[in-house]
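Excluded from the calculations below are hydrogen atoms, water molecules and symmetry mates; all remaining heavy atoms, backbone and side chain alike, are included. Here is how names work: the chains are called A, B, and so on, in the same order as the sequence lines, proteins then strands, and each is numbered from 1.
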Amino acid sequence: MIRDVLAEAVRSALVGLGVQPPGAVELERPARREHGDWSTNVALTVAKAAGRKPRELADALAARLQAAPPTHVSAVEVAGPGFVNFRLRDSWLHDILGDVVEQGEDRYGRHDLGAAERVQVEFVSANPTGPLHVGNGWWGSYGDALARVLIRCGYQVSREYYVNDTGGQIRSLGESLLAIRRGAPVPESGYQGAYVAELARAYNGPDDEVAAGRWAAERNLADIRETLAAMGIEFDEWFSQASIEESDAVAETIALLRERGLVFEDDGAVWLRTADFGDPRERRVLVKSDGEFTYLAGDLAYHRDKFLVRGYDRVIDVFGADHQGQVDSLLAGVEALGVERGRLEIEIGQMVSLVSGKMSKRAGNFVPLRDLIDDLGPDVTRLLSLLTSLDSAPLLDLDKVRATSHESPVYYVQMAHARIAGIGRTARDRAIDRLPLEQVDLSLLVHERELEVLRSLSELPDVVLGACVDRAPHRVATWVRELADRFHGFYHDCWVIGEGVSPELTQARLWLVEAARIGLAIGLGLLGVHAPERM
RNA sequence: GCCCCCGUAGCUCAAUUGGAAAGAGCGACGGACUUCUAAUCCGUCGGUUGCAGGUUCGAGUCCUGCCGGGGGCGCCA
């Protein structure tokens, strides 16, 4: 990689100047073209330790690098407070093109960071007390895209959905159903909304809250599976909470905690001492005074199963902000089980709001995810959610999204891919075959539009890695849109096939188009968005 | 009251995790179709990054304090 070449050159130049180089020489792509193709701030960072002025050190460094320029480098310049900027010949981008097509869709932008570490990503896990809402779709897109990014970075990933198919909420759901059936008002703490009434109408089972609740939960879960499938989200495992509670897992988990001297009794309840594990509350109930396990007890049993039974090296739980209250106790409890801190990560997705009002499952005025998918299609729904960071609480104006859906970023990106396919069809129609890359003169690619496409492609490996390390798949979405943007510019200004384009240039551009196709396919694949051949 | 997230162009969001002169899309205005799809491209307008301090070569980004918004603080799940 060019970065390594430059870093090594900088390192040895520093040594030559009698300056101790830092652990890692940082090389970045300047935001502005005037600042060259690559840049290092190393003169700024080591100046103080070296007892030299940044600018003066940068000058000396640049002079040394200029004297024996690394591959592709045409000029080394000093700018600003002491940045050393590298200007590269276009050949470095032609090499990128070669890398992309040689490694292809399967290998370009792939990393072995994970070293086959086994990671479980648990996401959605919405309670089967009703249909999924828009927020579930957003966090679901996130979880699925994160899983894809992790896989591309060498992790062995399993996607899991924790089905909360037990406990008071199921009973409460059953109560609501039965109340509606006998024409009574739904209890205050119950579930409202049209879907409950519909379920009540369909239910003809016994007059028992739990039975009715279970029946409704099953119906809801089927609906949830179907909705997720419509979005292209597949899980490797649907893990039932009931299966945990019906086994001895909870009791075993408490026994393990007791062995570790962290369990005590008070007020007729059984408690876990969490103070030493970063929990501000210091203690949590595991067994209520009525003898029932708490949700936390079940959750810890579940996480014990993840780490200690199934042996995942790392678990990433994706929660909505409405479950933030679980975070401290869960992190503390898992550590109390003897799982090193850091192996459990919890990502919190902020609430999605709609201009028409907030979503609340109990109030029953939410927009079901299903409606959004039917309305916009899965691709729009996914890309829309993946264009924003998990930390921002998005505001969706449904009318506006619907009205402008034909000019959404999705179609913009997909059209770039379709245009590429269109070029392929034209080439086939005119019997133009791509020659082997070695026989093609890539140095003909000098148009700014062509170079911009290649610059984007050169960034993909870094983007994927950054998205993985920071658990931020939305960066892939941002990147894909940029690549599409540059491709459209190229498409507009640079004809590939036809009169006025020499056969040699057509060949070079056909390979450029192929590289762009590979980049788009990789990016869209990581996002779970289709890459259509035509629109 | 305490904890988490956020505050960036009229609107919706980015910003290589501390880099140089903060970028896109939508909206507004003005241009470009005889050739691979104009679902596209080009240009213009638009900013005290909520406010005030601090850290340093350098802050939208880190620290402190305010202001504002969202979420969370059960022997519910």
Side-chain angles (χ1 to χ4, degrees), chain A residues 26 28-32 34-35 39 41 43-45 47-48 53-55 79-83 85 127 129 164 166-170 172 189 241 267-271 280-281 284-290 292-296 298-299 320-328 348-351 353 358 384 387-397 400-401 403-404 406-409 411-412 414-416 418-427 429-430 449 459 462-463 466 469-470 472 474-475 477-479 481-482 485 488-489 491-493 495-501 509 513 534-535:
Chain A
E26 276 180 50
E28 54 187 25
R29 303 155 205 269
R32 311 182 70 83
E34 309 91 86
H35 297 141
S39 172
N41 61 358
L44 294 163
T45 56
K48 186 171 276 184
K53 289 181 179 162
R55 185 78 201 205
F83 289 100
N85 297 334
N127 297 342
T129 50
N164 240 284
T166 181
Q169 57 186 345
I170 298 299
S172 170
S189 60
Q241 182 180 21
D267 261 352
V270 177
W271 299 76
R281 285 268 290 285
R284 304 278 179 168
V285 173
L286 294 173
V287 186
K288 297 186 265 182
S289 47
D290 66 3
E292 295 267 312
F293 294 124
T294 58
Y295 179 81
L296 175 64
D299 212 10
D322 52 341
H323 287 82
Q324 196 178 88
Q326 292 167 226
V327 173
D328 286 336
I348 302 289
Q350 295 303 311
M351 292 289 160
S353 37
K358 305 283 150 46
L384 219 51
L387 276 167
T388 67
S389 137
L390 200 65
D391 282 339
S392 78
L395 180 65
L396 256 190
D397 185 331
K400 204 170 272 182
V401 170
T404 60
H406 63 282
E407 53 198 15
S408 87
Y411 296 112
Y412 187 82
Q414 291 186 324
M415 192 193 172
R419 282 182 150 178
I420 287 171
I423 293 171
R425 285 190 291 271
T426 303
D429 289 349
R430 304 191 193 175
R449 298 288 210 177
E459 290 167 11
D462 282 351
V463 168
V469 170
D470 294 332
H474 78 276
R475 287 202 209 138
T478 307
W479 177 85
R481 192 172 55 175
E482 185 192 73
D485 178 45
H488 283 306
Y491 185 88
H492 190 266
D493 285 356
W495 223 255
V496 176
I497 299 161
E499 35 188 304
V501 184
R509 284 181 172 167
V513 168
R534 51 177 90 232
M535 298 292 284

So which protein nitrogen or oxygen atoms get under 3.5 Å of nucleotides 60-64 of chain B's nitrogens or oxygens?
none

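Applying the 4.0 Å criterion to OP1 and OP2 of rG58(B), one finds that K48(A) has every side-chain N and O outside that range. For the OP1/OP2 pair of rC75(B) and a distance below 4.0 Å, the side-chain nitrogens and oxygens of R281(A) include at least one atom meeting the criterion. Contact between the side-chain N/O atoms of S392(A) and the OP1/OP2 oxygens of rA14(B) is found at a separation under 4.0 Å. For rG25(B), the OP1/OP2 oxygens have no side-chain nitrogen or oxygen of H488(A) closer than 4.0 Å.
Across rC36(B), rC75(B), rG72(B), the shortest atom-to-atom separation from the side chain of Q324(A) is found for rG72(B). Taking the side chain of W271(A) as heavy atoms from C-beta on, and the options rU37(B), rG23(B), rC75(B), the nearest nucleotide is rC75(B). When the nucleotides rG19(B), rG25(B), rU16(B) are ranked by their closest atom to the side chain of P81(A), rG19(B) comes out on top. Looking at the side chain of T478(A), the nearest of the listed nucleotides rG19(B), rA39(B), rA14(B) is rA14(B). Ranking rA39(B), rC57(B), rA77(B) by closeness to the N164(A) side chain, first place goes to rA77(B). Of the candidates rC41(B), rC75(B), rA21(B), the closest approach to any side-chain atom of E34(A) belongs to rA21(B). Here the side chain of D391(A) is nearest to one of rC42(B), rC13(B), rC5(B), namely rC5(B). Which of rU37(B), rA20(B), rC6(B) sits closest to the side chain of R419(A) comes down to rU37(B). Of the candidates rA77(B), rU16(B), rG19(B), rA77(B) carries the atom nearest the Q326(A) side chain, counting heavy atoms from C-beta on.
A donor-acceptor contact under 3.5 Å is not formed by the side chain of D322(A) with the base of rG72(B). At a cut-off of 3.5 angstrom, counting only N and O atoms as typed in the model, there is no donor on one side facing an acceptor on the other between the side-chain of S389(A) and the base of rA14(B). Below the 3.5 angstrom threshold, one finds no donor paired with an acceptor across the side chain of Q350(A) and the base of rC6(B). You won't find any donor-acceptor pair under 3.5 Å spanning the side chain of T388(A) and the base of rC13(B), going by distance alone.
In terms of position along RNA chain B, the nucleotide closest to L395(A) lies nearer the 5' end than the nucleotide closest to the other residue of the pair L395(A) and G466(A). Summary of the strand contacts: E28(A) and D493(A) both lie near RNA chain B, and taking for each the nucleotide with the nearest heavy atom, the more 5' one is attributed to E28(A).
Annotation: side chain of T45(A) is not in contact with side chain of E26(A) (no heavy-atom distance under 4.5 Å). Using a 4.5 Å heavy-atom cutoff, the side chains of H35(A) and F83(A) are not in contact. Looking at heavy atoms from C-beta onward, Q350(A) lies in side-chain contact with I348(A) at the 4.5 angstrom threshold.
Judged by distance alone, with hydrogens and angles left aside, the side-chain atoms of D290(A) form a donor-acceptor pair with the main-chain N or O of E292(A) at under 3.5 Å. Judged by distance alone, with hydrogens and angles left aside, the side-chain atoms of R55(A) form a donor-acceptor pair with the main-chain N or O of G80(A) at under 3.5 Å. Using a distance-only test at 3.5 Å, with no hydrogens or angles considered, no donor-acceptor pair links the side chain of T388(A) to the main chain of L384(A). In terms of modelled atom types and a separation under 3.5 Å, the side chain of H488(A) and the main chain of M415(A) share no donor-acceptor contact. Judged purely by atom type and a 3.5 angstrom limit, T294(A) has no side-chain atom pairing as donor or acceptor with the backbone of V287(A). Listed for the R534(A) side chain is no donor-acceptor partner under 3.5 Å among the backbone atoms of G422(A).
Per the geometry, CE belonging to M535(A) stands 10 Å off C1' belonging to rU37(B), to the nearest Å. When rounded to the nearest whole Å, the span between OH of Y411(A) and C1' of rA39(B) equals 10 Å. As a whole-Å value, the separation of E26(A) CD from rA20(B) C1' is 15 Å. L396(A) places its CG atom 17 Å from the P atom of rC26(B), with the value rounded to the nearest Å. Residue M415(A) contributes atom CE, which lies 6 Å from atom P of rA39(B) at whole-angstrom precision. Rounded to a whole Å, the CG atom of D299(A) is 11 Å from the P atom of rA77(B). The separation between L387(A) atom CG and rC13(B) atom P is 11 Å, rounded to whole Å. Atom NE2 of H35(A) and atom P of rA20(B) are 8 Å apart (whole Å).
Stacking here means ring centres nearer than 5.5 Å and ring planes tilted less than 30 degrees, and by that measure H323(A) does not stack onto rG72(B). In this pair, Y491(A) does not lay its aromatic ring on the base of rU40(B); centres under 5.5 Å and planes under 30 degrees do not both hold. Residue-nucleotide stacking is not present for Y412(A) and rA39(B), judged by a side-chain ring centre under 5.5 Å from the six-membered base ring centre and planes under 30° apart. W495(A) qualifies as a stacking partner of the rU35(B) base, centre to centre under 5.5 Å and near-parallel within 30°.
Going from atom CG of D493(A) over to atom CZ of R449(A) covers 4.5 Å, rounded to the nearest 0.5 Å.
Using a 4.0 Å heavy-atom cutoff across all strands shown, R509(A) reaches no nucleic acid atom at all. Within 4.0 Å (heavy atoms only), N41(A) reaches at least one base atom of the nucleic acid. If you check every strand for non-hydrogen atoms under 4.0 Å, D485(A) touches sugar and phosphate atoms only. Within the nucleic acid shown, D267(A) comes within 4.0 Å of at least one base atom, counting heavy atoms only. In this structure, I497(A) reaches the bases: a heavy-atom distance under 4.0 Å links it to at least one base atom across the strands shown. P394(A) comes within contact range of the sugar-phosphate backbone alone, with a heavy-atom separation under 4.0 Å but no base atom that close. As judged by a 4.0 angstrom heavy-atom cut-off over every strand, A427(A) is placed among residues making no nucleic acid contact.
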Which is it for I497(A) and I423(A) under the side chain to side chain contact (heavy atoms under 4.5 Å, CB included) test, yes or no, and what are the steps along the way?
CA-CA 8 Å; I497(A) 299 161; I423(A) 293 171; 4.2 Å; yes
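For RNA chain B, if you chain together Watson-Crick or G-U pairs that step i with j, i+1 with j-1 and so on, the runs of at least three with distances under 3.5 Å are B:1-7 with B:67-73, B:10-13 with B:23-26, B:28-32 with B:40-44, B:50-54 with B:62-66.
For NZ of K288(A), the number of neighbouring non-hydrogen atoms (other residues, nucleotides, ligands) closer than 6.0 Å is greater than 12.
For rG74(B) and rG19(B), the C1' atoms lie 48 Å apart once the distance is rounded to whole Å.
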